[in-house]
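Working notes, beginning with the structure itself.
To find a chain, count down the sequence lines: A is the first, B the second, and so on, and within it residues start at 1. None of the values given here were measured: they were computed from a predicted structure.
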Amino acid sequence: MRVVAGAELPPLAIELTPTVVISTAIATRDFTPVHHDPAIARAQGSADIFLNILTTMGLVERYVSDWAGPSARFRGLKVKLGVPAYAGDTLTFSGTVASVTESETLIEVIGRVSLGPHVTAQATLTPVALG
Amino acid sequence: MTDERDHLMAVAGKAIAAGEGPRIAAPLPVNAATISHWTEAMGERNPLYAGPDAVAPPAMIQVWSMEGLNRDPDRRVRLPVDDVFEALDEAGFTGVVATNCEHTYHRYLDLGEELTSGTRLTDIAGPKRTALGDGYFVTWNVTWYAGDEPVAEMMFRLLKFRPKTSATAADESRNVGAEAAREPYPLRPAVNRDTAFFWDGVREGELRIQKCGDCGILRHPPGPVCPTCRSTRRTHAVASGSGTVYSYVVHHNPPVPGLRTPFVVAVVEVPEGVRLVGNIVRCATEDVYVGMPVRVTYQQMDDELTLPMWIPVEA
Amino acid sequence: MGSLSRRTAVAGIGATEFSKNSGRSELQLAAEAVFAALDDAGLSPSDVSGLVTFTQDANQEIAVAREVGMGDLSYFSRVDYGGGAACGTVLQAAMAVASGIADVVVCYRAFNERSGRRFGQPDARVGGEPSSQGLEMSWHVPYGLMTPAAWVAMFARRYMYKYGATSEDFGRVAVAMRRHASTNPAAWFHQRPITLQEHQASKWIAEPLHLLDCCQESDGAVALVVTSVERARDLRHSPAVIAAAAQGSGAGQMMMTSYYRDEMAGLPEMGVVARQLWEKSGLAPSDIQTAIIYDHFTPFVLSQLEELGFCGRGEAKDFIRDGGIEIDGRLPVNPNGGQLGEAYIHGMNGIAEAVRQIRGSSVNQVQGVRNVVVTAGTGVPTSGLILSEA
């Protein structure tokens with residue numbers, strides 16, 4: 001199936017349990033305490049432990065890749081960070097196909113939490129063919 | 001202030017001129033165990049990343065050069081950006097928040113590849129007034145190499161800020177992401193002698209409702225003459241600060257200067273018997289409903305303007 | 001002081017094309033529409049002795065008079081409050097004619113509302129001035145509540161809450177207007193009908209309003225010629241007699257943001273207009289064959305049907321679900337496609353359509369039209385008309 005500009009990606013909601021926040025921080029080899037120790041996170045002025053940036057990048061990739069499938073290749077991923085994504089919140093992704101050319105497909109993604117947008121991103125892919 | 005900026009710019013200028021720092025070897029080769037740990041945690045099920053011919057998920061690029069848990073500070077190689085961070089810390093810009101991260105992937109990586117990375121400082125901008133405090137945006141680039149072949153690049157930008165004192169630290173919201181540089185807030189109310197008491201009250205953390213000095217009736221929005229008894233003697237009552245959403249909108253388009261969409265504006269009915277308009281903050285837009293109990297809060301928009309806003313009452 | 005009813009008539013209508021970029025000045029648009037209206041009536045510029053327009057119009061009466069070659073004017077007047085002025089200009093003209101102040105009065109509205117200043121865009125300056133309007137807006141603008149769609153959405157949410165109306169009910173209005181426009185060659189959306197699914201899928205502007213709940217921004221001009229019924233009888237077309245004309249403002253009225261009074265689920269100012277229209281014309285809703293209902297945003301079409309008495313409070317959604325506003329429905333609404341489908345010329349194009357319906361010359365002609373009710377901009381102090389066959 002041909003992908004057209006304006007098409008929407010199915011939304012994805014991820015419950016940010018402490019397990020998710022901590023396991024992703026460790027899987028990205030980020031051992032900074034604010035990503036796994038609530039007491040330290042609060043002492044530093046945060047509401048709770050929160051997602052690290054490497055995970056935000058990873059989740060955006062996963063969200064786009066769930067839709068684009070294994071034939072597509074990522075050429076780039078641009079992320080603008082907004083409000084923190086705290087444990088206990090829900091991160092909801094929505095995405096739109098921003099443009100399609102012969103060589104590239106550009107996807108715009110927003111990941112929202114209750115405080116507002118946590119991440120706005122642009123993923124550049126090779127042409128996408130949906131099954 | 002200028003001296004401080006000159007000093008910071010001099011340090012940064014030197015670091016930028018130094019170009020790419022030493023190439024640092026990644027502690028682990030691209031390997032199946034780290035990849036599967038990552039894909040499991042992320043919920044990534046793309047078959048490209050599994051099996052004997054697996055490639056690494058491109059977004060993992062930075063993972064390969066993370067130093068891990070037991071990093072040894074003495075063995076750590078000093079990078080050009082470190083001088084700039086030290087100078088900013090010394091000047092009191094101790095807060096840090098990342099604002100942008102941009103990856104470019106030249107190719108996907110195979111199992112067993114050994115990477116190195118080189119970092120160069122590319123830009124410093126400031127001082128900028130932001131929601132978190134005054135600060136400098138620092139930008140650097142990392143290039144990952146397999147041998148001498150560049151395989152991926154990253155632009156990373158963060159804000160080093162001077163934390164505000166606690167009175168205004170409740171700045172977490174207003175759909176304001178950390179990077180939003182706070183110029184004077186563009187949406188300013190007109191104020192005259194009939195309405196100044198309200199805005200003065202807001203600055204002092206009071207929600208003031210005009211009260212007729214003769215018949216005592218409460219009225220919002222306020223005006224110079226009591227429509228009930230014609231009195232021009234005006235006083236005000238201080239509202240309790242609780243209220244109920246009477247109606248609301250979620251604004252999406254077009255963009256509004258000074259605000260990020262979507263945002264919620266509500267008509268709030270207060271028990272004193274009047275209605276006020278304000279934003280609902282610290283609440284997901286889809287969680288707002290007619291009848292929702294809210295309480296007032298105050299948001300400092302810039303040096304001069306404070307606005308009353310509404311947050312959900314905790315259940 | 002006698003009644004104004006049935007003493008004056010609309011004797012000519014004229015318009016430019018409706019577009020997104022007229023490519024000419026607003027003054028030129030005004031002049032072209034005035035010429036067209038005078039030609040339609042069979043009058044010349046020298047016959048005109050009065051001009052009425054909107055306070056918001058950028059073309060002064062004297063500038064229009066110079067361009068079209070009018071001579072002496074004995075009456076000029078403007079009506080305030082945005083699109084709420086539309087039928088008010090006809091009321092002013094009718095009063096001037098009926099009282100002998102002027103013989104022939106032209107009402108006009110001309111703007112490059114899409115290619116020039118766009119009403120739908122936020123303007124941070126509105127809060128700046130401590131005029132009464134600047135102060136009024138200052139209770140809303142700092143919170144980003146500063147576009148017409150968002151102002152209306154606040155009422156729409158309350159209306160939905162109170163009466164159980166849904167976004168699809170609003171969407172049915174948009175679908176009907178676009179269906180009517182699709183067979184009107186003068187409409188911007190000629191041959192471009194939409195479905196309810198497309199309405200629901202269109203992007204959010206200000207929840208609960210989708211893009212397709214909002215009228216387009218348009219460039220164009222409309223002019224109307226008002227004179228006495230006697231004189232109109234001698235002109236080119238049979239007169240559209242002004243059976244009633246009224247303005248209305250309610251207690252606690254504001255511009256688009258009357259959030260501090262009553263239930264917020266009605267339009268009291270339109271109630272003021274409706275009561276006058278029925279009383280002064282001696283007609284009732286059952287005497288009306290088609291209605292021009294101001295539709296810059298769909299939700300207010302529902303409240304107007306209720307304020308005008310075509311259905312009970314909260315029942316407009318059922319009226320519309322039953323196809324009541326379609327061309328073959330109980331009350332065909334905006335056969336031209338309205339502001340949503342034809343063009344947004346601040347309601348003046350709707351008055352022109354009402355005249356065509358009376359004449360029997362509309363491209364989407366409703367059968368057996370004797371009386372047409374017309375309303376003007378909603379959410380603001382407003383106005384209305386009943387036009388009747390001679």
Are C:Arg157 and B:Tyr248 close enough that a side-chain donor and a side-chain acceptor fall under 3.5 Å? yes
Using the ring of B:Tyr246 (Phe, Tyr or Trp, six-membered ring only), decide whether C:Arg158 places NZ or CZ under 6.0 Å from its centre and within 45 degrees of its axis. yes
For B:Pro189, is there any backbone N or O sitting under 3.5 Å from a side-chain donor or acceptor partner on C:Ser138? no
Please flag which part of B:Pro227 lies under 4.5 Å from any non-hydrogen atom of chain C: side chain, backbone, both or neither. neither
Identify the two heavy atoms, one from C:Ala150 and one from B:Val249, that lie closest to each other, and give their separation to 0.1 Å. O-CG1, 3.6 Å
Within-4.5 Å side-chain heavy-atom neighbours: B:Ser247 and C:Met264: yes
Indicate yes or no: at least one non-hydrogen side-chain atom of C:Met154 is less than 4.5 angstrom from one of B:Val265. yes
Backbone N or O of C:Tyr259 within a donor-acceptor pair of the B:Arg275 side chain at under 3.5 Å? yes
Residue C:Met254 versus chain B: region with a heavy atom under 4.5 Å: side chain
Residue part contacting chain C, namely of B:Pro224, when any heavy atom lies under 4.5 Å: neither
So C:Trp204 and B:Val250, do their side chains get closer than 4.5 Å, heavy atoms only? no
What part of C:Arg118 gets within 4.5 angstrom of chain B, counting heavy atoms only: side chain, backbone, both, or neither? neither
Is there a side-chain contact between B:Val256 and C:Met146 (heavy atoms, below 4.5 Å)? yes
Tell me, yes or no, whether the heavy-atom count around C:Lys317 atom NZ, taken from other residues, nucleotides or ligands under 6.0 Å, exceeds 12. yes
Check each atom of C:Tyr161 against the heavy atoms of chain B and say whether the ones under 4.5 Å are side chain, backbone, both or neither. side chain
If I measure from the heavy atoms of chain C, does B:Leu276 come under 4.5 Å with its side chain, its backbone, both, or neither? backbone
C:Trp139 ring center near B:His220 ring center (under 6.0 Å): yes
Measure the shortest side-chain to side-chain distance between B:His252 and C:Lys203 over non-hydrogen atoms and say whether it is less than 4.5 angstrom. no
Please give me the minimum heavy-atom distance between B:Val277 and C:Tyr143, naming the atom from each residue. O-CE1, 3.3 Å
Would you call C:Leu135 and B:Asp194 a side-chain contact if the rule is heavy atoms closer than 4.5 Å? no
Please lay out, stage by stage, how C:Ile205 and B:His251 fare under the test side chain to side chain contact (heavy atoms under 4.5 Å, CB included). CA-CA 6 Å; C:Ile205 297 299; B:His251 186 97; 5.8 Å; no
Expected output: side-chain C:Tyr260 to main-chain B:Arg219 donor-acceptor under 3.5 Å: no
